[in-house]
Amino acid sequence: MRWLTLYARSRQVPASLAALVISAAAMRTLAGDGGQGPGDDPRLPVLVLATGVMAASIGLSGQDLALDRTAAIRWVPRRAAHVLLAGAVVAAVLLAVQMTGTPMAGTRFMAGTEFVVRDSAGLTGLAALGAALSGGRYAWTLPFAWLSFTFFAPAATSTAMRVATWMLLPAGTAAGTWTALLLLGVGTAAYAFAGPRR
């Protein structure tokens, strides 16, 4: 059996992918009101992305951390590739689901590609940082906590609040883009070099 197959199995990639597709399809079905929702509310696409990232984050640690740490392979590029590929797959699944019909509820802009890629990147970085700080089992907690704060935060009137609510900012907003890129960079680097916490 090839190392990539073993790696995918040990990281529960098939189960994570199934959970991602099912959650995106379920959200699509629940949102199937023909786009009659309120304006440009991005919360549903962000919820789908966060759910996908949280499902993928479970695979950020293997079955046996001691075995992973003693394996004679270069982990840094593999871990970085894992994080970046997970973020790309989460974004691709949402974009593919959106192309199957009308926009998701309340999203006339259909959560454009730039919006989806930015939020997927930032959320994936958060999950990778969570794995480095808390282990793969609890990697989902950082994206979940930030998402919860964002949904209930007051309107973003200051730069600090725009940074804190970056997930819901329109595409092309500098604060949202730079926050997502910073989270992706820090999270990927922390996970790639340190690996999941024991």
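As the structure is a computational prediction, the values presented were derived from the model and not from experiment. Values reported hereafter were calculated over all heavy atoms of this structure, with side chains retained and with hydrogens, waters and symmetry mates removed.
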Hydrophobic clustering (ILVMFWY, side-chain heavy atoms < 4.5 Å, transitive) - are W140 and L147 grouped together? no
Quick check on the hydrophobic clustering: are L123 and L142 connected, directly or via other members, by side-chain heavy-atom contacts under 4.5 Å? yes
Closest heavy-atom pair and its distance - [X], [Y]:
X    : Y    : answer
E114 : G172 : OE2-N, 3.1 Å
T165 : A153 : CG2-CB, 3.7 Å
R162 : A175 : CB-CB, 4.0 Å
L60  : Y191 : O-OH, 2.6 Å
L49  : D119 : CD1-CB, 3.6 Å
W166 : G176 : CB-CA, 3.7 Å

Which ILVMFWY residues can you reach from M161 by hopping between side chains whose heavy atoms are under 4.5 Å apart? F149
Could you list the cluster mates of V163? Members are the ILVMFWY residues connected by side-chain heavy atoms closer than 4.5 Å, either directly or through other members. none
Just so I know, are the side chains of [X] and [Y] near enough to count as touching, which here means a heavy-atom distance under 4.5 Å?
X    : Y    : result
R137 : I58  : no
W178 : L182 : no
P42  : M167 : no
F115 : V46  : yes
P45  : L94  : yes
P143 : L126 : yes
T141 : Y138 : yes

Heavy-atom donor-acceptor pair, [X] side chain to [Y] backbone, under 3.5 Å:
X    : Y    : value
S57  : M54  : yes
T124 : V83  : no
T173 : L169 : no

Would L184 and L84 count as a side-chain contact (heavy atoms from CB on, under 4.5 Å) if you check the C-alpha gap in whole Å, the side-chain angles of each, and the deciding distance to 0.1 Å? CA-CA 9 Å; L184 178 65; L84 298 175; 4.0 Å; yes
side-chain contact (heavy atoms from CB on, under 4.5 Å) assessment of T150 paired with W146: CA-CA 6 Å; T150 301; W146 204 316; 3.3 Å; yes
Please say whether more than 12 non-hydrogen atoms of neighbouring residues, nucleotides or ligands are located less than 6.0 Å from CZ in F193. no
State the CG-OG1 distance between L95 and T113, to the nearest 0.5 angstrom. 5.0 Å
